[in-house]
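Heads up, the thing below is written out as C-alpha cells.
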There are 2 protein chains.
Amino acid sequence: MPDNLFPRPEHDHGSCIEHAIGRAHEICAEKSVRLTALRESVLRVLLSSHKALGAYEIIERLQTDGRRLAPISVYRIIDVLLSAGLAHRLESKNAFFACLSEHDSANSMLVLVCDGCYRVAEAEAPDAWGAIKSVTQSSGFAVTETILEIQGTCADCRKTTRPAA
Amino acid sequence: MPDNLFPRPEHDHGSCIEHAIGRAHEICAEKSVRLTALRESVLRVLLSSHKALGAYEIIERLQTDGRRLAPISVYRIIDVLLSAGLAHRLESKNAFFACLSEHDSANSMLVLVCDGCYRVAEAEAPDAWGAIKSVTQSSGFAVTETILEIQGTCADCRKTTRPAA
DNA sequence: AGATGTCTGTAACAATATTGCATTATTCTG
DNA sequence: CAGAATAATGCAATATTGTTACAGACATCT
C-alpha cells in the first residue's frame, strides 16, 4: 500500500524544497538545460506550495519589490520546466505543479488533485496504463500522450475536516 | 477487439445526428431537463462535427443570419448539456464534444482525441478504472472525478495519410 | 573583442470564461 | 385565464488565460 501519496503536513518543507532544487540542477545539467536564476525562482514558487498554480498566480507570488514578471516570461519559463520534466501541466485546471517524483517520461503516472487543500500528488499506475494500452491498441489508435488526472479528497483532508494545507 | 472506435468516414452522418437528437430528447424528458430550440441547436453543432469545439467556435458555427450568440449564453447552454450528460468537456483542449455513447456516468469511460482529424471518441475502459481505483483506495484518496484523455492518431488517419475528417 | 545563440523585457493583443442585471418565455397555482 | 413564480435568454462589461512581434541583455565560444 502506497499509503498517503501527499506530503505529510508536518514534513520538513524547507529541506524538501532544497532537495528538489538540487535534483533540478542535476537534471538540467544532464539535459543541457540552463536553470537560470529566474527559472529557479519560478520552480521554487511551484515547489513552495505542493499545489498547482496558474501562470498569473505564479506571477503574483513571484513579485518581490514592485517588479512583476510579464505573462509571456512566465509561460516561456514554464515551457522550459515542462520540457525538462521539472513541472507538469494540470490540464483540468490550466495550472502547473512541480514534479517531486523520480519518473522519466510521464508514462505510467497519474495525478491526484485534492479539492480540499488543492494539493497535487503523482502516483505510479502501471496497471492503469496497461489497461489503457490494450484499449487503444485494439482500436488501432497510436497514442502520443495520456492525461490521467483524478480529483477528490486526500487522506489528510478526509481526516481533519479542515484542509491539510 | 473494439476495432476502430471513431465513426467511419463514410457513415450516414445525417441519420447519426438525428438519432442522437432523438436520444437527447428522451434523456432530457427522463431528467426533466428542457431541451429548448437553442440548446438543441448547440447540441447539433457539436454533433455535426464529431470534434471537440471551443465555446467561441460553437458561436461562429451557430450564427445564422447576422445574430451572434453571446459567450455567456453558450457557456450556460454547455453547462446544461454537460450536466445532462449530452456532452462532455475535453479538459486538455478547453473544448466540448457531444456524447454518442450510452454510458450513464462518465465512470469507466476514456476519451480518445485524434491529432490528425481532431475527432473525439469515447471508449469503455473498466480495467483502467479498476486499476486507478486500487491506487486511490490504497492511498486513502476519495475520488470525485476522473479525467482520462488520450491524444494520438486514429486508425483512419494512420491509414490515409490525410486526416479522416 | 566580436560573432552567435539563448534568455529576458516590453507592449499589444487574442482567446477563453465570468459577473451582474434586464428581459422574455414557460410553468404553476388559484 | 390572470397573476405569480421560475426558468431561459439577452446584453454589456470585465476578468482570466495565453500568444505574437520585436528589441535589448547576457552568456558562450572562438
Side-chain angles (χ1 to χ4, degrees), chain A residues 24-25 28-29 31-46 51-84 86-97 118 147 149, chain B residues 24-25 28-46 51-84 86-97 113 118 147 149:
Chain A
H25 278 284
C28 286
K31 300 189 179 178
S32 310
V33 171
R34 268 179 280 183
L35 189 52
T36 65
L38 196 54
R39 289 171 183 174
E40 182 179 320
S41 66
V42 168
L43 182 55
R44 276 179 189 279
V45 166
L46 292 179
K51 299 176 189 172
L53 302 178
Y56 286 76
E57 211 170 342
I58 293 173
I59 292 173
E60 274 164 35
R61 297 191 180 206
L62 204 59
Q63 80 185 304
T64 39
D65 37 39
R67 296 192 57 70
R68 242 179 118 78
L69 209 53
I72 181 62
S73 297
V74 179
Y75 280 107
R76 281 190 291 221
I77 289 170
I78 288 169
D79 282 345
V80 172
L81 298 179
L82 293 182
S83 54
L86 300 175
H88 303 301
R89 181 184 169 90
L90 190 65
E91 301 288 347
S92 54
K93 296 265 200 300
N94 296 331
F96 310 90
F97 61 98
Y118 305 109
I147 292 153
E149 298 176 359
Chain B
H25 279 284
C28 286
E30 274 173 32
K31 300 189 178 178
S32 309
V33 170
R34 271 180 278 182
L35 189 52
T36 64
L38 196 54
R39 288 171 183 174
E40 183 179 321
S41 66
V42 168
L43 182 56
R44 277 179 187 279
V45 167
L46 291 179
K51 299 176 189 173
L53 302 178
Y56 285 74
E57 210 171 342
I58 293 173
I59 292 174
E60 274 163 36
R61 298 191 180 206
L62 205 59
Q63 78 186 307
T64 39
D65 36 41
R67 295 191 58 69
R68 245 181 115 80
L69 211 52
I72 181 62
S73 297
V74 179
Y75 281 107
R76 281 190 292 222
I77 289 170
I78 287 169
D79 283 344
V80 171
L81 298 179
L82 293 182
S83 54
L86 300 175
H88 304 301
R89 181 185 170 90
L90 190 65
E91 300 289 347
S92 54
K93 296 266 201 296
N94 296 331
F96 310 90
F97 62 98
V113 190
Y118 305 110
I147 292 152
E149 298 175 0

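Computed from a prediction, not measured in an experiment: that's the story for all the values here. Throughout, a chain's letter reflects where its sequence line sits, starting with A, and its residues are numbered from 1.
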(Q) Side chain of B:Ile72 only, heavy atoms from C-beta on: which candidate in D:dC11, C:dT10, D:dA8 is closest? (A) D:dC11

(Q) Using the side-chain heavy atoms of B:Ser73, tell me which of these nucleotides is nearest: D:dA8, C:dC7, D:dG10. (A) D:dG10

Q. What is the distance, rounded to the nearest whole Å, between atom CG of A:Leu69 and atom P of D:dT19?
A. 16 Å

Q: Please figure out whether B:Arg34 or B:Lys93 has its closest DNA chain C nucleotide nearer the 5' end.
A: B:Lys93

(Q) Tell me whether the ring of A:Tyr56 lies stacked over the D:dT17 base, given a 5.5 Å limit on centroids and a 30° limit on the plane angle. (A) yes

Q | From D:dG10, C:dT8, C:dA17, nucleotide with atom closest to A:Arg76 side chain | A | C:dT8

(Q) Please report the interatomic distance CG(B:Leu86) to CG(B:Leu46), rounded to the nearest 0.5 Å. (A) 10.0 Å

Q: Could you tell me the separation between the CG atom of A:Leu35 and the P atom of D:dC26, rounded to a whole number of Å?
A: 19 Å

Q: To the nearest Å, give me how far apart CZ (B:Arg67) and C1' (D:dT9) are.
A: 10 Å

Q) Start at the 5' end of DNA chain C and walk down; is the nucleotide closest to A:Ile77 or to A:Pro71 reached first? A) A:Ile77

**Q.** A:Leu53 CG - D:dT16 C1' separation (whole Å)
**A.** 15 Å

Q: Starting at atom CD of B:Glu91, determine the distance to atom P of C:dA17, rounded to an integer number of angstrom.
A: 10 Å

Q. Is the side chain of B:Glu149 donor-acceptor paired with the backbone N or O of B:Leu90 at a distance under 3.5 Å, no angle test?
A. no

Q.
OP1 or OP2 of D:dG18 versus the side-chain N and O atoms of A:Arg89: is any pair under 4.0 Å?
A. yes

(Q) Just N and O in the side chain of A:Arg39: are any of them under 4.0 Å from OP1 or OP2 of C:dC7? (A) yes

Q) How long is the gap from CG on A:Leu43 to NE2 on A:His25, to the nearest 0.5 Å? A) 8.5 Å

(Q) Is A:Asn94 close enough to D:dG18 that one of its side-chain N or O atoms is under 4.0 Å from OP1 or OP2 there? (A) yes

Q: Mark this stacking check for B:Tyr75 against C:dT18 as yes or no, applying ring centres under 5.5 Å and ring planes under 30°.
A: no

Q | Distance, rounded to the nearest Å, where B:Glu60 contributes CD and C:dA15 contributes P | A | 9 Å

Q: Calculate the interatomic distance between B:Asp79 atom CG and D:dA7 atom P; express it in whole Å.
A: 16 Å

**Q.** Point-to-point distance, once rounded to the nearest 0.5 Å, from CG of A:Asn94 to CG of A:Leu53
**A.** 13.0 Å

Q: For A:Arg68 and C:dA11, give me the distance from atom CZ to atom P, rounded to whole Å.
A: 14 Å

Q. Could you give the distance from CZ (B:Arg39) to CZ (B:Arg34), rounded to the nearest 0.5 Å?
A. 7.5 Å

